[in-house]
Enquirer: 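Attaching a single structure in structure tokens format; questions to follow.
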Amino acid sequence: MNKLPMMALVAHDAGAANHIIYWLLAGDIDLTYVRISFHGPALIAATNAGLQFDNLALDQVLVGADFLVAGTGWATDIEKKAMRTAIFASIPVAAVFDHWTNYDKRLVLDDEVIAVDEIWVTDTYAIELARSFYPNADVCLKNNRYLDYQVRNISSQICDPHKVLFLMEPIRALWAGEKDAGEFVAFHYFLENLSVLGISGRIDIRIRPHPSDPIGKYARLERSDDVINVTVNNDLPLHQDIAAAAWVVGLQSYAMVVALEAGKKVISAMPNHAPSCVLPHKGIIHIKEITG
């Protein structure tokens, strides 16, 4: 019997890495026939998920590989360089798209578009986006095992009606007229509109930093008074943080989609002068649409 093709997996950013990790855990990708090179947030996510594997250096992972599956992150060029190296070696490449933003930049390295063979997505919204930007690639719909896992664990827990989870994510450009980063502006915008949203009484807000945020970034937002208690922590798995909260607030992060799928009240705190939230999912409450 011939063995299965050897697949190389390369990831840095947590978004696409989470999909790859849970395909491995679910058996969609056979761990016996893979070579893995995870870095940064991807490596942390894999370790937290309990995945057992030998982690190879980037210059080793393609040795003996018949196919490459790579994430499409923004923080480094690690994944893009692996894709370009694989194509040069005539190894087919699939790129994993985990979100609905920046499609025009996800496969660009040194001002050139990387001509991948396949793009893997996990919902129908992303299919149309990917096809519009990369018509020459085969866009494939894959099972969203990561979402399934998170929702399954969230649904089994009871939430506190006074708890709010604020999902932070870095906005890498200043919005018009602002001197502070967009994530801080959005947080204050949310606080200013609590009554509009129907959130009253003393509330407990837990800020969950993004995996790429430096430690201590949101310390200045912590407070405790008779009305609001704000803490910053990401020591719990995402599904536990979402499960404990009645309200889940963010800008346009993937974790908001997880919360929405789990039946939570989900709010986008993108203010009026910010770009529109890119999440295409129905059911998200947009503060700017309420306030006008």
Side-chain angles (χ1 to χ4, degrees), residues 11 13-23 25-26 28 41-42 45 48-49 71-74 96-103 106 119-130 139-157 159 163-171 182-183 186-187 190 197 206-213 234 236-270 274-289:
D13 284 23
N18 280 323
H19 289 307
I20 296 170
I21 290 164
Y22 283 87
W23 288 328
L25 291 173
D28 295 329
N48 290 342
T72 52
W74 63 270
V96 180
F97 283 19
D98 61 292
H99 208 278
W100 304 269
T101 58
N102 301 321
Y103 275 37
R106 284 175 178 256
I119 294 174
W120 291 6
V121 299
T122 58
D123 66 71
T124 55
Y125 299 114
I127 287 177
E128 297 306 318
L129 276 172
V139 181
C140 306
L141 180 64
K142 300 295 183 180
N143 291 320
N144 198 330
R145 303 296 190 188
Y146 173 69
L147 181 62
D148 292 344
Y149 171 81
Q150 297 292 345
V151 171
R152 186 168 61 250
N153 282 277
I154 293 166
S155 301
S156 63
Q157 301 182 49
C159 70
K163 285 188 177 295
V164 174
L165 175 65
F166 198 102
L167 301 162
M168 281 294 186
E169 60 185 292
I171 299 297
E183 51 268 41
F187 181 76
F190 165 66
L197 294 165
R206 179 181 174 94
I207 294 176
R208 182 181 178 91
H210 189 270
S212 63
D213 282 325
N234 62 351
L236 296 177
L238 177 63
H239 64 82
Q240 288 187 23
D241 264 347
I242 293 176
W247 304 80
V248 177
V249 189
L251 286 77
Q252 50 188 10
S253 75
Y254 188 88
M256 293 165 63
V257 177
V258 174
L260 188 67
E261 189 71 17
K264 297 292 182 178
K265 295 177 181 178
V266 179
I267 300 168
S268 172
M270 299 285 277
S276 297
C277 173
V278 300
L279 299 179
H281 304 76
K282 295 180 180 179
I284 296 175
I285 301 167
H286 298 272
I287 299 176
K288 65 166 67 176
E289 294 181 359

Enquirer: Quick check against the 3.5 Å criterion: does Glu169 have a side-chain atom that pairs as donor or acceptor with the backbone of Ser253?
Expert: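 Indeed, once roles are kept as given, a pair shorter than 3.5 Å links the two residues.
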Enquirer: Out of curiosity, His19 NE2 to Ile21 CD1, how far, rounded to the nearest 0.5 Å?
Expert: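 The CD1 atom of Ile21 is 10.5 Å from NE2 of His19, to the nearest 0.5 Å.
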Enquirer: Please state whether the rings of Tyr146 and Tyr254 are parallel, tilted or perpendicular, taking 30° and 60° as the class boundaries.
Expert: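 Tyr146 vs Tyr254 ring planes: tilted.
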Enquirer: With heavy-atom distances below 4.5 Å as the criterion, would you say the side chains of Leu197 and Phe190 are in contact?
Expert: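 The answer is yes, as the side chains (C-beta and beyond) meet within the 4.5 Å cut-off.
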Enquirer: Are Asp98 and Arg106 packed together at the side-chain level, in the sense that at least one heavy-atom pair is separated by less than 4.5 angstrom?
Expert: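 A side-chain contact under 4.5 Å exists here.
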Enquirer: Applying the side chain to side chain contact (heavy atoms under 4.5 Å, CB included) test to Val248, which of Ile284, Ile267, Leu167, Val258 qualifies?
Expert: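 Output: one option passes, namely Leu167.
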Enquirer: Short question: side chain of Arg208, backbone of Leu236 - any donor-acceptor pair under 3.5 Å?
Expert: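 A pair under 3.5 Å: yes.
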Enquirer: So with a 6.0 Å cut-off around NZ of Lys264, is the heavy-atom count from everything else above 12?
Expert: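 Counting neighbours around NZ of Lys264, more than 12 heavy atoms of other residues, nucleotides or ligands fall under 6.0 Å, so yes.
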Enquirer: Please find the pair of heavy atoms, one from Ala42 and one from Ala11, that lie closest to each other, and give the distance.
Expert: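 The answer is CB-O, 3.5 Å.
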Enquirer: Could you measure the distance from the CD1 atom of Ile127 to the CH2 atom of Trp120? Nearest 0.5 Å is fine.
Expert: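 Here the rounded value is 14.0 Å.
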Enquirer: Apply the side chain to side chain contact (heavy atoms under 4.5 Å, CB included) test between Leu279 and each candidate in His286, Met256, Met270; give the one that qualifies.
Expert: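 Exactly one option meets the side chain to side chain contact (heavy atoms under 4.5 Å, CB included) with Leu279, and it is Met256.
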Enquirer: May I ask you to test the Arg145-Leu25 pair for a side-chain heavy-atom distance under 4.5 Å?
Expert: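 No, side chains not in contact.
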Enquirer: Nearest heavy-atom pair of Ala186 and Ala269: which atoms, and what distance?
Expert: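 So the two residues come closest at CB-O, 3.4 Å.
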Enquirer: side-chain contact (heavy atoms from CB on, under 4.5 Å), that's the test. Do Val278 and His99 meet it? Break it down for me.
Expert: CA-CA 9 Å; Val278 300; His99 208 278; 3.9 Å; yes
Enquirer: Would you compute the distance between atom CG of Asp213 and atom CD1 of Ile207 and round it to the nearest 0.5 angstrom?
Expert: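 These two atoms lie 10.5 Å from each other.
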Enquirer: Quick one: pull up CG in Leu141 and OG1 in Thr122 and give me the separation to the nearest 0.5 Å.
Expert: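 Atom-to-atom, Leu141:CG and Thr122:OG1 are 7.5 Å apart.
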Enquirer: So which atom in Ile154 and which in Ala262 form the shortest heavy-atom distance, rounded to 0.1 Å?
Expert: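 For Ile154 versus Ala262, the nearest heavy atoms are CG2-CB, 3.6 Å.
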Enquirer: How long is the span from the NE2 atom in His239 to the CD atom in Gln150, to the nearest 0.5 Å?
Expert: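 Result: 6.0 Å between the selected atoms.
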Enquirer: About how many Å separate SG of Cys277 and NZ of Lys288, when rounded to the nearest 0.5 Å?
Expert: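 Reported to 0.5 Å precision, the distance equals 8.5 Å.
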Enquirer: Taking NZ, NE, NH1 and NH2 as the nitrogens, is one of them in Asp28 or Lys142 under 4.0 Å from a carboxylate oxygen of the other?
Expert: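 No, no charged N to carboxylate O under 4.0 Å.
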Enquirer: Please report the closest heavy-atom contact between Ala255 and Ile242, naming both atoms and the distance.
Expert: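 Nearest pair, atom of Ala255 first, then Ile242: O-CD1, 3.9 Å.
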Enquirer: Between Leu251 and Phe166, is there a side-chain heavy-atom distance shorter than 4.5 Å?
Expert: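 Of all side-chain heavy-atom pairs linking Leu251 with Phe166, at least one is under 4.5 Å.
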Enquirer: Tell me, do Gln252 and Trp100 make a side-chain contact under 4.5 Å, heavy atoms counted?
Expert: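 In short, these two side chains do not touch, never coming nearer than 4.5 Å.
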Enquirer: So does Lys163 pair up with Asp241, basic N to acidic O under 4.0 Å?
Expert: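 Salt bridge between Lys163 and Asp241, a charged N being under 4.0 Å from a carboxylate O: no.
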Enquirer: Which atom pair, heavy atoms only, marks the closest approach of Ser212 to Pro170?
Expert: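 Minimum heavy-atom contact is OG-CG, 3.6 Å.
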Enquirer: Locate the shortest heavy-atom distance separating Ala130 from Tyr103; write the atom from each residue and the value.
Expert: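 Where Ala130 meets Tyr103 most closely, the heavy atoms are N-CE2, 3.4 Å.
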Enquirer: Quick one: does any side-chain atom of Asp13 pair with a main-chain N or O of Gly15 as donor and acceptor, under 3.5 Å?
Expert: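 Between the backbone of Gly15 and the side chain of Asp13 there is no qualifying donor-acceptor contact (under 3.5 Å).
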Enquirer: With the side chain counted from C-beta on, respond yes when Trp23 and Val96 share a heavy-atom pair under 4.5 Å apart, and no when they do not.
Expert: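 The answer is yes; the side chains approach within 4.5 Å.
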Enquirer: With a 4.5 Å heavy-atom cut-off, do Phe97 and Leu129 have their side chains touching?
Expert: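 Phe97 vs Leu129: side chains apart.
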